[in-house]
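The structure appears right after this line, and notes come after that.
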There are 2 protein chains.
Amino acid sequence: MGGMTLTQSSPVSTDRLDACVAAPRLHPRPHGEDRYTISEVAAFTGLTAHTLRWYERIGLMPHVDRSHTGQRRFSNQDLDWLAFVGKLRLTGMPVADMVRYAELIRVGEETFEERQELLARTRRDVLNRIAELQDTVAVLDHKISFYADARKASERA
Amino acid sequence: MGGMTLTQSSPVSTDRLDACVAAPRLHPRPHGEDRYTISEVAAFTGLTAHTLRWYERIGLMPHVDRSHTGQRRFSNQDLDWLAFVGKLRLTGMPVADMVRYAELIRVGEETFEERQELLARTRRDVLNRIAELQDTVAVLDHKISFYADARKASERA
DNA sequence: CGCTTGCTTCGAGTGCACTCGAAGGATCTA
DNA sequence: TAGATCCTTCGAGTGCACTCGAAGCAAGCG
């Protein structure tokens with residue numbers, strides 16, 4: 001697990017309104033020089049070249065640019081997208097759902113509503129997940145303090 | 001996924017101090033009648049009988065009682081344990097780590113410290129996970145409001 | 001010029017956590 | 001006493017998300 005240093009992701013592909021806004025040095029190279037090779041992207045994201053090609057194959061990358069000879073050239077937007085995918089992965093969202101979202105982006109602006117709904121559903125799921133985890137922390141705290149008390153008691157003995 | 005209705009879990013096995021305390025009706029049957037068959041437990045937890053036996057096989061169940069003829073009879077404590085395991089599973093903790101914890105319980109009270117440490121580590125991990133998820137929610141909010149704005153704008157047009 | 005990196009396609013392997021089925025027998029319940 | 005439920009052991013299958021290797025060839029770079 002190498003990195004995924006990139007964090008702030010802006011809406012991708014069809015919505016490039018804030019592509020360069022409020023992002024001082026989030027990308028390895030500035031707009032204009034953002035034509036990364038696959039191994040560069042692998043280094044930045046911690047994903048392998050194999051996995052990056054696989055993402056593209058299954059439709060999880062909304063179209064990566066190519067050099068005149070057919071080599072992949074990833075852009076800052078692609079990096080943003082990958083960072084976003086990384087976040088979604090952390091939520092446990094199945095890859096199939098991410099692919100769905102990527103498809104909607106490929107289709108165009110008429111899918112804004114559906115995209116919003118998908119993200120809203122995801123958001124709801126993530127909040128539920130957070131609640132579950134907080135619940136778990138409570139249980140853990142309970143048990144941890146039990147052990148703390150027990151050990152204090154045995155010291156006193 | 002059937003259920004796992006049980007939620008509050010009390011320290012299990014070696015620490016039965018609060019076994020019946022502050023738990024008015026958390027268990028299907030009261031203390032004394034808590035000798036559940038495997039299919040009952042399967043119904044309560046949503047796990048299959050296969051999975052319950054598998055948990056035992058790999059050491060994830062600290063010793064289930066048996067009837068005089070060798071059939072499993074689960075106790076309320078076993079149910080608590082299963083509920084706890086369910087919570088840990090939600091955190092993404094690998095089964096091997098849970099087995100480790102179960103082993104420590106089997107060994108006895110001299111492992112209190114190690115158990116406490118293990119739980120503390122887990123707690124830390126869960127808190128990190130929560131932070132990541134909150135981060136993700138922020139990204140999601142960002143994108144959702146982008147789509148909301150975009151759709152409002154297109155309505156105005 | 002040679003080495004590294006990249007491309008494609010194909011297919012197999014990995015790790016995790018189940019999940020299921022079957023054989024062959026014992027026990028429980030109505 | 002019949003049919004449901006339980007036991008054991010064994011081994012295979014599933015789904016997900018990679019992960020890797022190899023073949024065979026094109027391109028980049030020092």
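Numbered from 1 within each chain, the chains take letters A, B, ... in sequence-line order.
An OP1 or OP2 oxygen of C/dA17 is reached within less than 4.0 angstrom by no side-chain nitrogen or oxygen of B/Tyr55. Not one side-chain nitrogen or oxygen of B/Thr48 sits closer than 4.0 Å to the OP1 or OP2 atom of C/dC18.
Atoms CG (B/Leu47) and P (C/dA17) sit 14 Å apart, rounded to a whole Å. Computed from coordinates, the B/Leu82 CG to C/dC18 P distance equals 11 Å when rounded to whole Å. Rounded to whole angstrom, the span from the CE atom of B/Met98 across to the C1' atom of C/dC16 amounts to 11 Å. Per the geometry, CZ belonging to A/Arg35 stands 20 Å off P belonging to C/dT5, to the nearest Å. Atoms CG (B/Leu52) and C1' (C/dC18) sit 12 Å apart, rounded to a whole Å. Residue B/Arg89 contributes atom CZ, which lies 9 Å from atom C1' of C/dA17 at whole-angstrom precision. The distance between atom CG of B/Leu60 and atom C1' of C/dT19, rounded to the nearest whole Å, is 16 Å.
For A/Asp97, there are no salt bridge (Lys or Arg N to Asp or Glu O under 4.0 Å) partners at least two apart in sequence or on another chain. The side-chain contact (heavy atoms from CB on, under 4.5 Å) test applied to B/Glu110 returns B/Val107, not counting sequence neighbours. Take A/Asp65 and apply the side-chain hydrogen bond (donor to acceptor under 3.5 Å, both in side chains) test, not counting sequence neighbours, and it matches A/Arg35. Scored by the side-chain contact (heavy atoms from CB on, under 4.5 Å) test, A/Gln116 finds B/Ile144, B/Tyr147, B/Ala148, B/Arg151 as partners (sequence neighbours excluded).
Nearest-nucleotide assignment on DNA chain C puts the 5′-proximal partner with B/Val95, out of B/Val95 and B/Thr69.
Atom CG of A/Leu60 and atom OH of A/Tyr101 lie 12.0 Å apart (nearest 0.5 Å).
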Side-chain donor-acceptor pairs of residues 118-129 of chain A under 3.5 Å, sequence neighbours excluded:
unit_1: A/Thr122; atom_1: OG1; unit_2: A/Leu118; atom_2: O; d: 2.8
unit_1: A/Arg123; atom_1: NH1; unit_2: B/Asp141; atom_2: OD1; d: 2.4
unit_1: A/Arg123; atom_1: NH1; unit_2: B/Asp141; atom_2: OD2; d: 2.9
unit_1: A/Arg129; atom_1: NH1; unit_2: A/Glu132; atom_2: OE1; d: 3.1
unit_1: A/Arg129; atom_1: NH2; unit_2: B/Leu90; atom_2: O; d: 2.5

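With A/Thr48 contributing its side chain and A/Thr51 its backbone, the two residues share a donor-acceptor pair below 3.5 Å.
Relative to the side chain of B/Trp54, the nucleotides C/dC28, D/dC18, C/dA17 differ in distance, and C/dA17 lies closest. In the set C/dA17, D/dG28, D/dC18, D/dG28 carries the atom at the smallest distance from any side-chain atom of A/His68.
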TODO: List the protein contact pattern of nucleotides 4-9 of chain D with one symbol per nucleotide (5' to 3'): B for base contact, S for sugar-phosphate-only contact, - for none; contact means a heavy-atom distance under 4.0 Å.
DONE: -SSSB-

